[in-house]
Amino acid sequence: HFLLNVPKEDLKSFKRILFLVEQAHWFYEDYSVEQNPSIKTLSLREFTSLSFHCAALRPYIAHIDDIYKDFTSYKVRIPVTGLIILDKSYEPCLLVEGWKAGASWSFPLGKKNKDEEDHMCAIREGISWHRLDELQPAGNDVISRGSNGLTLFMVASFLMYAS
């Protein structure tokens with residue numbers, strides 16, 4: 001499904017194809033595995049290998065190692081954008097823990113999609129991490145722009161606590 005309904009231009013590049021495979025992997029982990037614990041969790045590498053057994057990708061299966069290596073090298077160069085989500089007092093902030101065992105805590109963030117603006121990526125990632133649907137940065141002011149392509153926006157007065 002993730003490869004069948006995409007623009008033909010996205011199927012001309014293995015980088016774009018592997019981004020689609022990665023989206024399918026997240027869907028698999030977030031919905032299929034989460035709702036049915038008897039289904040095995042897979043690394044992105046394992047999921048990618050299985051994906052190359054579909055008819056469209058099968059001719060390239062002999063090159064999967066090189067294709068995957070090129071993709072992971074490319075992926076680390078993509079800018080990352082996220083949110084610093086605070087409450088009204090500006091003291092506590094929202095952090096997320098990665099889903100893998102032993103993962104670290106960080107601000108909600110993720111890689112920018114093709115042609116996506118920084119603040120829209122930050123909002124999308126905040127929504128996807130927390131299923132929050134009313135996130136808006138306090139402004140277009142960038143709080144932090146790292147040399148590695150990390151950009152953070154502040155969302156203030158958002159967190160609420162049950163009394």
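Quantities reported herein were computed from a predicted structural model and do not represent experimental measurements. Computation of the quantities below employed the complete heavy-atom set of this structure, encompassing side-chain atoms and omitting hydrogens, waters and symmetry-equivalent molecules.
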Would you compute the distance between atom NE2 of H25 and atom CG of L20 and round it to the nearest 0.5 angstrom?
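H25 NE2 to L20 CG: 14.5 Å, rounded to 0.5 Å.
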Inter-residue atom distance K111.NZ - L150.CG, 0.5 Å rounding:
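One finds 10.0 Å between NZ of K111 and CG of L150.
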So which heavy atom on [X] is nearest to which on [Y], and how close?
X	Y	result
P59	A56	CD-O, 3.8 Å
S32	I39	O-CD1, 3.7 Å
V21	T48	CG1-OG1, 3.7 Å
S49	I64	OG-CG1, 4.4 Å
S51	L57	O-CD1, 3.8 Å
L44	K75	CD2-NZ, 4.0 Å

Do [X] and [Y] have side chains that get closer than 4.5 Å, going by heavy atoms?
X	Y	answer
I67	F52	yes
I78	K114	no
L83	F107	no
E22	F71	yes
F19	Y74	yes

Give a yes or no on whether the backbone of I61 and the side-chain of H53 come within a donor-acceptor separation of less than 3.5 Å.
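Judged by distance alone, no pair lies under 3.5 Å.
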According to side chain to side chain contact (heavy atoms under 4.5 Å, CB included), who are the partners of E116, at least two apart in sequence or on a separate chain?
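E116: side chain to side chain contact (heavy atoms under 4.5 Å, CB included) contacts with K112, N113, M120, C121, R124.
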Check the pair Y28 / L42 against side chain to side chain contact (heavy atoms under 4.5 Å, CB included), numbers first and verdict last.
CA-CA 9 Å; Y28 171 80; L42 299 170; 3.9 Å; yes
